[in-house]
Amino acid sequence: MLLKFSKSDILNSALVYPETGALGYTILTRSHFIRDSGKDSDTESEDENGETRRTTIYNKLGEVIAEIGWKGKQPIEIVINKEKIIGAKGMFGCSSAILSRNVLGIPTRFDAEYFWMAAPDALTLLDYDSNQTKGSFHTNSMRVGERFIAAPIPGLGHDYLEFETHPLASTEELLVSFILMEVLRRSRFNLHTDSSDRSKLWRSTPLTNWGRRLRRRSI
């Protein structure tokens with residue numbers, strides 16, 4: 001499956017099928033502050049309040065299919081269809097991880113051999129057992145036939161999410177886990193939303209090549 005983001009803000013964007021331009025999904029995020037009623041609203045600063053956001057994913061019919069509740073950058077509640085999950089740990093297999101200075105690999109919950117591999121300028125879904133890429137996030141890219149190339153200047157290209165379906169994971173689950181991992185990736189590597197500073201090392205070394213080089217470590 002291939003989806004194109006209509007905006008660079010992945011938390012507020014339509015997802016369309018690039019072949020037809022048809023709407024597939026819509027992601028909207030809204031923020032608000034929860035004020036402690038026991039404090040003086042005239043003197044309480046915004047930093048002392050609890051900032052929360054809620055990301056909602058809609059299908060093409062406008063029906064809610066998934067939600068993520070945030071406190072700061074931390075997901076505190078996730079709903080996929082009728083399943084309610086507390087925190088991010090329930091979305092991933094946390095028994096093992098792939099750790100390196102510039103690579104973070106987190107196993108999925110639906111397949112112990114599937115890892116989200118995050119690096120400073122890449123996010124891929126890797127089948128660790130076969131060492132095959134099952135999903136990729138192409139940022140600021142241009143599609144040339146069946147290939148993606150990096151746009152020569154920031155903002156010229158679009159963001160694309162490409163992934164293969166899995167019999168044990170719904171599209172909704174893949175979208176939610178992608179959002180969680182991309183937010184984590186940007187936080188871990190101190191990336192801005194529209195960051196175009198991409199290391200030459202990671203351009204020339206696909207993450208699939210690192211799958212066998214890195215050992216799993218418990219977290």
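Predicted model only: the values in this text are computed from it and were never measured.
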Side-chain touch [X]/[Y], heavy atoms, less than 4.5 angstrom:
X: Arg185; Y: Leu104; result: no
X: Thr29; Y: Asp9; result: no
X: Met181; Y: Phe92; result: yes
X: Phe5; Y: Phe137; result: yes
X: Ile68; Y: Leu180; result: yes
X: Phe163; Y: Thr171; result: yes
X: Glu77; Y: Arg54; result: yes
X: Thr108; Y: Leu125; result: yes

Is it the case that the side chain of [X] and the backbone of [Y] share a donor-acceptor pair, with hydrogens and angles ignored and the cut-off at 3.5 Å?
X: Arg53; Y: Gly72; result: yes
X: Ser13; Y: Ser6; result: yes
X: Asn81; Y: Glu83; result: no

How many angstroms lie between atom [atom1] of [X] and atom [atom2] of [Y], to the nearest 0.5 angstrom?
X: Ile65; Y: Glu67; atom1: CD1; atom2: CD; answer: 10.5 Å
X: Glu113; Y: Tyr128; atom1: CD; atom2: OH; answer: 8.5 Å
X: Tyr114; Y: Asp129; atom1: OH; atom2: CG; answer: 10.0 Å
X: Leu184; Y: Leu123; atom1: CG; atom2: CG; answer: 9.5 Å
X: His138; Y: Arg143; atom1: NE2; atom2: CZ; answer: 9.5 Å
X: Asp121; Y: Thr139; atom1: CG; atom2: OG1; answer: 7.0 Å

Closest heavy-atom contact between [X] and [Y]?
X: Tyr17; Y: Leu2; answer: CD2-O, 3.8 Å
X: Pro154; Y: Asn140; answer: CA-ND2, 3.5 Å
X: Ala151; Y: Gly157; answer: CB-N, 3.5 Å
X: Ile78; Y: Gly87; answer: CD1-O, 3.5 Å
X: Met142; Y: Leu156; answer: SD-CD2, 4.3 Å
X: Met117; Y: Gly105; answer: SD-CA, 3.8 Å

Here's a test for you: under side chain to side chain contact (heavy atoms under 4.5 Å, CB included), which of Ile10, Leu175, Ile57 qualifies with Leu15? Leu175

With Lys60 via salt bridge (Lys or Arg N to Asp or Glu O under 4.0 Å) - residues at least two apart: none

Could I get the full list of salt bridge (Lys or Arg N to Asp or Glu O under 4.0 Å) partners for Lys134, not counting sequence neighbours? Glu164

Co-membership, hydrophobic cluster, residues [X] and [Y], 4.5 Å side-chain:
X: Ile179; Y: Leu161; answer: yes
X: Ile106; Y: Leu168; answer: yes
X: Leu174; Y: Tyr58; answer: no
X: Leu11; Y: Tyr25; answer: yes
X: Leu61; Y: Ile27; answer: no

Can you list the steps and then say if Arg109 with Glu173 is a side chain to side chain contact (heavy atoms under 4.5 Å, CB included)? CA-CA 10 Å; Arg109 68 172 184 169; Glu173 176 160 346; 2.8 Å; yes

